[in-house]
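Chain naming here is simple, since letters A, B, ... match the order of the sequence lines and numbering starts at 1 in each.
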Amino acid sequence: MKENVSCLIEKTIRNLVESGRLPVLEKVEVVVEFTRDKKHGDLASNIALTLSKSCRMNPRDLASLILQNIPTTSFLDHCEVAGAGFINFFLSKDALSKLLLEIIDKKERFGCNNEGKSVPILIEFVSANPTGPLHVGHGRGAAIGDSICRLMRANGWNVQSEFYYNDSGQQIRNLALSVQARCLGIDPQNPDWPDDGYCGEYINEVARAYLDGETLEAKDKSVTGAKDPELLDEIQEFAVTYLRREQDRDLANFNVNFDSFFLESSLYSSGEVERIVQEIIDSGYTYEKDGALWLKTTQFGDDKDRVMRKQDGTFTYFVPDIAYHINKWERGFKNALNEQGADHHGTITRVRAGLQALKKNIPEKWPNYLLHQMVTVVRNGEEVKISKRKGEYLTLSELVNEVGSDATRYFLVARAPNSQLIFDIDLAISASNDNPVFYIQYAHARISSVLRKMTELDSDWMKKMNLSNSKLILEEEHLIMQHLMKFPEIIKQAAQQYEPHTIANYLRELAGEFHSYYNSYKVLVEDKELRESRIMLSMGVRQVIANGLNILGVSAPEEM
RNA sequence: CGGGGUGUAGCUCAACUGGAUAGAGUAUUCGGCUUCGAACCGAACGGUUGGGGGUUCGAGUCCCUCCACCCCGGCCA
């Protein structure tokens, strides 16, 4: 609809220029927006304000000139000049009722588009180390990342979601040592407890399962506890598998599923790490100093060079990261997005520097990054410092068990990724009923209930509906239709900006408008035509809420 | 000190990317079920958008400068 109006304006201006009533203009960029205030019509353009200078006319006069020459169309009721020189457009009843038909016709496809043109994109998110359970911070990454995947699919992208496991390196060794210590009956208070060991209670559970010889069924393999506390490698494999399985289960309960999993260890076993290190050395971007191998990241915008291979011969964490991203690139993903916590900010420059050093014509800005700010957890009015080593944190599964997946997802995705959010545990649990997600779901359930009621009255009502005759004349009805009309654009915009929270806000507003309407007017009235019109409106709202909630990974219940 | 982020109502957050009178929820105070679901609705209260300067028809949004908070600045990941 926006496009229709901006085309109309553009055409009008072109005609005015050709007939000499306006000077020749360099560049005309017509911006049409949905209005905030219903008094300003449905759509508005500031074109007269932006062109007034180059036309040497006062904005209001220019606006009236454009308006007088705008051709009449079926989708516009009328237009007017307002304020400093805005042109406001009022849509016709015809245009709005066609919208409802479109929603009902397209169903779950309403709002979708093909901007992505089926181009493949790899979206990596969560990627937590398998050294402990997922916490709220991971939950935020999961909620945002998964919603972005759904958003991108709705925009026609060919999305593959991937989870990268850092299942090798020092922290995994620390995990194995911690489990081993627990197997031997050593606890964190004991002087023999390993340095940098993981103190959480879950380590004990892993140790017990290992000693019991439990068999773990993972996606790609099966591991049985060897029971022997001396076999550190066996302990490590068992512990990693155990914790991966736990994370997968937590994510599944959170309605998050990945298309693929990638193991850091595979980059070592396949020799890819060694290969790219050699290639980077050959490219001339490295040097030896103090017994370590350095990458000249300063040549790619870093403030100092970084160590790739430590004195002890092992690699720093970003080296396998580079290998991993080469792997993504070689799998053919010209589009890649990494959703991570803001604490990983520093690695972006390093990984990109490594990719550039390889001279593979990878774009400088590849891969794309979306960082979410940290979650501050508050309990009893005090900040809970998240520390995996100390075992102090709120796990995702505790949270989901307590307040439910829908409420947790909504809470974590409803804020802009860039805002650092405060998560008050007590508030989240006690006030979970106040979560706006229920407000939105309730609107969906209410409409479903009305439709059930209609079916009770006449099981065949749907077929008998006359869809062409809209009787919707109320201001509230107009407002709702105007809101429904924005949905496709919200989907597009949220994807372009990687900001799924705009969907959440949109749904909150739509639900609010419907609740208000529902409270003042009855849908199932006597008058058949009016009743059918209102049913159609309700069906439109219901469909859009369902589509929007689906993008947020939240259920749309028929009753609650 | 350097890099990134944030600062909007008592609290938690929005604001369609520079537009018209800065909006919701929550808290507080009133009012609304004999009526399709009250997990709802209506009303009131609540603001110098951290401070100061600048750019222009127009700034919460862009630029400069201070102030405060969060993250990063390991041969940890």
Inset, instruction - Could you check which nucleotide pairs with U21(B) in any of the strands shown, counting Watson-Crick or G-U wobble with both distances under 3.5 Å? - result: none

Legend entry - R542(A) bridged to E558(A) by N-O distance under 4.0 Å: yes

Legend entry - Partner nucleotide of U8(B) by Watson-Crick or wobble geometry (both distances under 3.5 Å): none

Inset, instruction - State whether the aromatic ring of H40(A) stacks on the base of A20(B), taking stacking to mean ring centres under 5.5 Å apart and ring planes under 30° to each other. - result: yes

Inset, instruction - May I ask you to say what E559(A) touches in the nucleic acid, namely base, sugar-phosphate or nothing, with a heavy-atom cut-off under 4.0 Å? - result: base

Inset, instruction - Describe the nucleic acid contact of N58(A) in one word from base, sugar-phosphate, nothing, applying a heavy-atom distance below 4.0 Å. - result: nothing

Legend entry - K486(A) NZ to A15(B) P, straight-line distance once rounded to whole Å: 13 Å

Inset, instruction - Have a look at C33(B) and give me syn or anti from its glycosidic angle (syn if within 90° of zero). - result: syn

Legend entry - Residue H515(A), side-chain heavy atoms: nucleotide from C40(B), C75(B), U6(B) that is nearest: C40(B)

Legend entry - Sugar-phosphate only, base, or nothing, as touched by A84(A) at under 4.0 Å among non-hydrogen atoms: nothing

Legend entry - Spacing between Q373(A) atom CD and G7(B) atom C1', to the nearest angstrom: 13 Å

Inset, instruction - Classify the nucleic acid contact of N88(A) as base, sugar-phosphate or nothing, counting any heavy atom under 4.0 Å across all strands shown. - result: base

Legend entry - Nearest-Å distance once atom P is located in both A22(B) and G60(B): 9 Å

Inset, instruction - Would you indicate, yes or no, if G74(B) has its OP1 or OP2 atom less than 4.0 angstrom from a side-chain nitrogen or oxygen of K310(A)? - result: no

Legend entry - Minimum side-chain heavy-atom gap R534(A)-R531(A) below 4.5 Å: no

Legend entry - Inter-nucleotide C1' distance (C66(B), U21(B)), Å rounded: 32 Å

Inset, instruction - Please tell me if the side chains of Y517(A) and L479(A) come closer than 4.5 Å, counting only heavy atoms from C-beta onward. - result: no

Inset, instruction - Let me know the distance between NE2 of H372(A) and C1' of U6(B), rounded to the nearest Å. - result: 15 Å

Legend entry - Complementary nucleotide for G42(B) - Watson-Crick or wobble, under 3.5 Å: C30(B)

Inset, instruction - Report yes if a side-chain nitrogen or oxygen of N166(A) is closer than 4.0 Å to either non-bridging phosphate oxygen (OP1 or OP2) of A77(B); otherwise report no. - result: no

Legend entry - NZ or CZ of R446(A) within 45° of F514(A) ring axis and under 6.0 Å: no

Inset, instruction - Test for a donor-acceptor pair under 3.5 Å between the base of G5(B) and the side chain of Q420(A), counting only N and O atoms. - result: yes

Inset, instruction - Please work out if M560(A) contacts a base, only the sugar-phosphate, or nothing of the nucleic acid, heavy-atom cut-off 4.0 Å. - result: base

Inset, instruction - Anything under 30° is parallel, anything over 60° is perpendicular, the rest tilted; go ahead and classify F261(A) against Y165(A). - result: parallel

Inset, instruction - Name the nucleic acid region contacted by I490(A), choosing base, sugar-phosphate or nothing; use a 4.0 angstrom heavy-atom cut-off, strictly under. - result: nothing

Inset, instruction - Please state whether the phosphate of A38(B), meaning OP1 or OP2, lies under 4.0 angstrom from any side-chain nitrogen or oxygen of R446(A). - result: yes

Inset, instruction - Rounded to whole angstrom, note down the C1' distance from C16(B) over to U48(B). - result: 26 Å

Inset, instruction - List the protein contact pattern of nucleotides 21-36 of chain B with one symbol per nucleotide (5' to 3'): B for base contact, S for sugar-phosphate-only contact, - for none; contact means a heavy-atom distance under 4.0 Å. - result: B---S------B--SB

In residues 287-300 of chain A, what donor-acceptor pairs under 3.5 Å come from side-chain atoms, sequence neighbours left out?
residue	atom	partner	partner atom	Å
Y287(A)	OH	D305(A)	OD2	2.7
E288(A)	OE2	R309(A)	NH2	3.4
W294(A)	NE1	K289(A)	O	3.1
T297(A)	OG1	D302(A)	OD2	3.1
T297(A)	OG1	K304(A)	O	2.8
T298(A)	OG1	D305(A)	OD1	2.6

Legend entry - Pair H325(A), N338(A): side-chain N/O donor-acceptor within cut-off below 3.5 Å: yes

Legend entry - Pairwise P distance for A59(B) and G54(B), with rounding to whole Å: 13 Å

Inset, instruction - May I ask you to evaluate whether H501(A) reaches the phosphate of A15(B), defined as a side-chain N or O under 4.0 Å from OP1 or OP2? - result: yes

Inset, instruction - Find which nucleotide of RNA chain B each of N46(A) and T347(A) is nearest to by heavy atoms, and output the residue with the more 5' nucleotide. - result: N46(A)

Inset, instruction - Using a heavy-atom cut-off of under 4.0 Å over every strand shown, decide if E499(A) touches base, sugar-phosphate, or nothing. - result: base

Inset, instruction - Ignoring backbone atoms, establish whether K304(A) has a side-chain N or O less than 4.0 Å from OP1 or OP2 of G2(B). - result: no

Inset, instruction - For G25(B) and C45(B), measure between their C1' atoms and round to the nearest Å. - result: 15 Å

Inset, instruction - Quote, to the nearest angstrom, the P distance that separates G47(B) from C63(B). - result: 29 Å

Inset, instruction - Just call it for Q441(A): base, sugar-phosphate, or nothing, with non-hydrogen atoms closer than 4.0 Å on any strand. - result: nothing

Inset, instruction - For A443(A), answer base if it contacts any base atom (sugar-phosphate contacts may also be present), sugar-phosphate if it contacts only those atoms, and nothing otherwise; contact means non-hydrogen atoms under 4.0 Å. - result: nothing

Inset, instruction - For A416(A) and for K289(A), locate the closest nucleotide of RNA chain B by heavy-atom distance; then report the residue assigned to the nucleotide nearer the 5' terminus. - result: A416(A)

Inset, instruction - Calculate the interatomic distance between D302(A) atom CG and G4(B) atom P; express it in whole Å. - result: 13 Å

Legend entry - Syn-anti status, with the boundary at 90° from 0, for the nucleotide U17(B): syn

Legend entry - ring-ring contact (aromatic ring centres under 6.0 Å, His included) between F163(A) and F125(A), worked out: CA-CA 6 Å; F163(A) 190 125; F125(A) 58 106; 8.1 Å; no

Legend entry - Side chain to side chain, D42(A) and N88(A), heavy atoms closer than 4.5 Å: no

Legend entry - Counter-base of U48(B), judged by Watson-Crick or G-U geometry with both distances under 3.5 Å: none

Legend entry - Under 3.5 Å donor-acceptor pair, Y442(A) side-chain atoms to A39(B) base atoms: no

Inset, instruction - Remember a base hit wins even if backbone is also touched, and classify L371(A) as base, sugar-phosphate or nothing at under 4.0 Å, heavy atoms. - result: nothing

Inset, instruction - Check for a donor-acceptor pair, side chain of R415(A) on one end and backbone N or O of L421(A) on the other, with a separation under 3.5 Å. - result: no

Inset, instruction - Give a yes/no answer on whether the side chain of T376(A) brings an N or O atom under 4.0 Å of OP1 or OP2 in C70(B). - result: no

Inset, instruction - For E33(A), report the nucleic acid contact type (base, sugar-phosphate, nothing); a contact means any heavy atom under 4.0 Å. - result: sugar-phosphate

Inset, instruction - Figure out the CZ/P separation between F34(A) and G19(B), and round it to whole Å. - result: 15 Å

